[in-house]
Amino acid sequence: MYLSESLLAILVWAALVGSALAPVILLLLYQRDLKDKNLW
Amino acid sequence: MLDAQLDSGLALAILIGFGLLWVAFGWYLGRGNRSIDDYALAGRNVGFAFATATAMATWITSNTTLVAPQLAYQFGIWGMIGYSMAALGLILFAPMAARIKSLMPHGFTSGDFIRTRFGPTAWAVFMLISLFYAMGWLVSLGMAGGILLSSLSDLDYHTGMTAILLICVAYTLLGGLKAVIATDFVQSILILVGVVIIAWFCIDKVGISQIHQNVSELQPELLNLAFPAAIMFLFNNIFFGIGEIFHSNVWWSRAFAFKGGVGKKAFLTGGLLWLPIPIVTGFVALAALSLGIVPPSADMVGPLVAARLLGSIGAVFVFVVVFSALASSMDSLLAATSDLITQDGYKRLLNPKADSDTLLKANKRIVIGLGLLTWLLCLPKVATLGALLNFTGAFVASAIWPILFGLYHPALTGRFASAAMALGIVSGLTLYFVVGFYVAAISSALVSLLICLAGVYLAPGKFDWQTFKEARDVSE
């Protein structure tokens, strides 16, 4: 049983989108903590 | 070795520039550190954004940037997915972080917990596990630094390894955990952006279709969903990752350092954000076959593919990403391990009456000592990164169940907790040598579980949770 090309593509694209969203989420959280004076 | 290698002058210039930047940042953040609480636990007041970033960045390490591609290259699809399952460690630690903070609001280290919960014998076994693992991880990171620089530039292994260690020791020494966490935030952004760009180039220049076709023709086993060793690796890695996180003071110190109510959601979010990264870095390694790259050692496959895809500017780019990944873990390990040695070694065994100032000074000296010891152990390049790390799997997985029962079930006694850890290690190491590295952690965890269950049902104790509150002065 071998992984098909379409399943590989779905796996890679899902992971890539997830990884691309991560820095955006972190920066939004930082902005919110900074605004609330809640960083430390 | 590479198509696009940096000359030694440029590599040194980047190293010095980066080093100065991080060290200055560490000094700036460390100016307000007045007590051991400020230095070792960032004042116990870390907010959600920094908490999430440090949980994720610390877990992105040579594992994710060098070893995940190596495992995808060796085990294919299960190597990538197996590595991403290490996110379960962070996710499962989320409720534990809340429990730890509530049981021990003034605690310092994982050693504090084990000693108070299980007594001195279990504490001794646990310290052995913790220190062995911490040194194994530190050495693997130092070695990764050397491998990175020697593969991306004309500099040799020893120069790269020395430079990365020196920079991390300097800014950890100056800024303590606050510097570690703040640099983790910046490093996590750099790593994530870098990884996404490299994967994007891989898809754009080679293509998923081409990669799939080449792997199917040249090494079809890598796409085999019923590849036995790889499936075993998947389960082994789950237990390995959980064992690493559950026992290590790197994560316990964060549970103590985060603001009340932050730990649970920070570890959960950090784990979910980390989950896709090994799949992306692993996928990049699969392109090696299409690009005709034959790495001299498997752990260099990731940087080699990335540098080939991105050309000479790419070599600089790859260097920055992998350097950030290494530094974000090395600083955390230096800080957490020095806390462990300060609290559980220096204060407990040598100077029980030490005040905050004395502990602060001792902690800083221990950071320097740890850096020096790591440097000495990294001088001979003894093992590939994966082999070195997997050897520690037998140790860390043995601590999973004693910690879980210890946190949530009053019936497990110190005697059985000690036996579970000791016999778990013995069985894990035996199978590591007899069968292979991919069964060390899973067998260790299984034996440890059986002994914990035997203890809980055959000779139950009755631990009083109030003991943690009474032991408040242990580390203060």
Side-chain angles (χ1 to χ4, degrees), chain A, chain B residues 29 32 42-43 45-53 56-57 76-78 80-81 84 178 181-182 185 188-193 195-197 199-200 202-203 208-209 211-213 215-216 220-226 259 262 266 269-270 272-283 286:
Chain A
M1 196 172 139
Y2 290 86
L3 187 77
S4 67
E5 186 190 320
S6 52
L7 278 178
L8 179 66
I10 290 169
L11 183 71
V12 171
W13 277 112
L16 193 59
V17 170
S19 301
L21 282 176
V24 179
I25 292 168
L26 286 178
L27 287 169
L28 287 173
L29 288 175
Y30 174 81
Q31 205 174 25
R32 193 189 66 172
D33 276 1
L34 187 67
K35 195 175 135 204
D36 298 343
K37 295 194 165 88
N38 211 16
L39 281 176
W40 299 106
Chain B
L29 288 159
N45 213 23
V46 180
F48 185 38
F50 280 160
T52 304
M56 193 182 66
I77 205 70
W78 286 126
M80 290 154 60
I81 295 172
S84 77
K178 214 171 211 182
I181 289 176
F185 184 85
S188 62
I189 304 282
L190 285 174
I191 296 162
L192 285 162
V193 171
V195 163
V196 168
I197 291 176
W200 179 263
C202 195
I203 293 172
I208 295 175
S209 178
I211 290 171
H212 186 271
Q213 191 185 331
V215 175
S216 303
E221 274 300 288
L222 299 183
L223 296 172
N224 186 356
L225 296 173
K259 274 181 191 168
V262 162
T269 314
L272 291 173
L273 294 181
W274 187 91
L275 184 75
I277 300 168
I279 295 177
V280 176
T281 55
F283 163 71
L286 290 183

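Both backbone and side-chain heavy atoms feed into the values below; hydrogens, waters and symmetry mates do not. Each chain gets a letter, A, B and so on, in the order the sequences are listed, and its residues count up from 1.
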Would you mind checking which part of [X] comes under 4.5 Å of any heavy atom in chain A, side chain (CB onward), backbone (N, CA, C, O), both or neither?
| X | value |
| --- | --- |
| I203(B) | side chain |
| I81(B) | side chain |
| P278(B) | neither |
| A51(B) | neither |
| F48(B) | both |
| I77(B) | side chain |
| A53(B) | both |

task = Apply the side chain to side chain contact (heavy atoms under 4.5 Å, CB included) test between V12(A) and each candidate in I211(B), L286(B), I208(B); give the one that qualifies.
result =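 Of the listed residues I211(B), L286(B), I208(B), the side chain to side chain contact (heavy atoms under 4.5 Å, CB included) partner of V12(A) is I208(B).
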Value rounded to 0.5 Å, distance of [atom1] in [X] from [atom2] in [Y]:
| X | Y | atom1 | atom2 | answer |
| --- | --- | --- | --- | --- |
| L21(A) | L272(B) | CG | CG | 12.5 Å |
| K259(B) | D33(A) | NZ | CG | 7.0 Å |
| L16(A) | I279(B) | CG | CD1 | 11.0 Å |
| M1(A) | L223(B) | CE | CG | 12.0 Å |
| L3(A) | M80(B) | CG | CE | 8.5 Å |
| W200(B) | S19(A) | CH2 | OG | 13.5 Å |

request  = Under the ring-ring contact (aromatic ring centres under 6.0 Å, His included) rule, collect the residues that match up with Y30(A), sequence neighbours excluded.
outcome  =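 ring-ring contact (aromatic ring centres under 6.0 Å, His included) list for Y30(A), sorted by chain: F50(B), F185(B).
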Are the side chains of [X] and [Y] in touch, meaning some heavy atoms are under 4.5 Å apart?
| X | Y | result |
| --- | --- | --- |
| L26(A) | L273(B) | yes |
| Y2(A) | E221(B) | yes |
| L11(A) | F283(B) | no |

Residue [X] versus chain B: region with a heavy atom under 4.5 Å:
| X | answer |
| --- | --- |
| N38(A) | both |
| I25(A) | side chain |
| S4(A) | backbone |

task = Flag the one option from L39(A), L28(A), V17(A), L27(A) with the top tally of heavy-atom pairs under 4.5 Å to chain B.
result = L39(A)
ask   = Crowded around Q213(B) CD? As in, over 12 foreign heavy atoms under 6.0 Å?
value = yes
ask   = Relative to chain A, which of V46(B), I197(B), V280(B), T269(B) shows the most heavy atom pairs under 4.5 Å?
value = V280(B)
query = What closest approach, in Å, do I189(B) and P23(A) show between heavy atoms, and which atom pair accounts for it?
reply = CD1-O, 3.9 Å
request  = Compare every heavy atom of E5(A) with every heavy atom of H212(B), then report the nearest pair and how far apart it is.
outcome  = NE2-N, 3.2 Å
